[in-house]
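Please read the structure below before turning to the comments.
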Amino acid sequence: MFENQAQCITRCLKTQEGSHVLYRGFGLNTVDETNPPLRRDILIQLSTYYPDVTLSNITITRTDINGNFEYLVETKGN
């Protein structure tokens, strides 16, 4: 089963850094964090693992009571 580009980027943002067996740098440190990841961190992930994608905009659309963030990530690319 193949994922589309949006699903791949979502998976990258939801994966805890260091938890992927083959790619230890894949993912973000978002578990138990009080602040959302920085735009810089997301740019590094996209440029490393999805070089054909360009980040246009990131917006936090919602934060729930447990501290989970919901994002709107707009990209340009193939």
Side-chain angles (χ1 to χ4, degrees):
M1 175 194 289
F2 294 102
E3 295 180 329
N4 65 29
Q5 192 175 59
Q7 290 170 325
C8 291
I9 292 170
T10 301
R11 172 104 35 232
C12 179
L13 297 179
K14 288 184 175 182
T15 300
Q16 175 67 19
E17 185 178 22
S19 65
H20 194 285
V21 175
L22 298 175
Y23 302 104
R24 293 294 181 184
F26 183 81
L28 298 170
N29 287 324
T30 57
V31 175
D32 296 331
E33 290 292 322
T34 56
N35 295 323
L38 300 174
R39 179 182 177 91
R40 165 188 55 131
D41 297 331
I42 295 172
L43 279 169
I44 290 169
Q45 289 294 310
L46 292 178
S47 66
T48 303
Y49 298 103
Y50 308 102
D52 58 333
V53 174
T54 304
L55 185 64
S56 297
N57 190 22
I58 302 172
T59 306
I60 298 175
T61 57
R62 196 183 90 162
T63 306
D64 67 14
I65 196 163
N66 296 325
N68 297 320
F69 298 96
E70 186 176 297
Y71 301 95
L72 173 62
V73 179
E74 298 174 28
T75 60
K76 296 178 188 172
N78 298 333

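All values below come from the heavy atoms of this structure, side chains included, with hydrogens, waters and symmetry mates left out.
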Once you round to the nearest 0.5 Å, how far does [atom1] of [X] lie from [atom2] of [Y]?
| X | Y | atom1 | atom2 | value |
| --- | --- | --- | --- | --- |
| K14 | L28 | NZ | CG | 12.5 Å |
| L55 | L43 | CG | CG | 5.0 Å |
| Y71 | T61 | OH | OG1 | 9.5 Å |
| Q7 | I9 | CD | CD1 | 11.0 Å |
| K76 | T54 | NZ | OG1 | 7.5 Å |

Looking at Y50, is its backbone amide N or carbonyl O close enough to the side chain of Q45 to form a donor-acceptor pair, meaning the two atoms are under 3.5 Å apart?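 No, Q45 side chain to Y50 backbone: no donor-acceptor pair under 3.5 Å.
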
Using the test side chain to side chain contact (heavy atoms under 4.5 Å, CB included), find all partners of Y23 that sit at least two apart in sequence or belong to another chain.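 By the side chain to side chain contact (heavy atoms under 4.5 Å, CB included) rule, Y23 matches H20, F26, Y49.
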
Tell me, please, which residues at least two apart from T48 pass side chain to side chain contact (heavy atoms under 4.5 Å, CB included).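 Residues passing side chain to side chain contact (heavy atoms under 4.5 Å, CB included) with T48: I44.
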
Same hydrophobic cluster for L72 and I42, using side-chain heavy-atom links shorter than 4.5 Å among ILVMFWY?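 Each belongs to a different hydrophobic cluster.
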
For the student: nearest non-hydrogen atoms of R24 and E17, plus distance: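 What the structure gives for the nearest pair is O-CG, 3.6 Å.
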
By salt bridge (charged side-chain N to carboxylate O under 4.0 Å, His left out) - contacts of R11 (at least two apart):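 By the salt bridge (charged side-chain N to carboxylate O under 4.0 Å, His left out) rule, R11 matches E3.
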
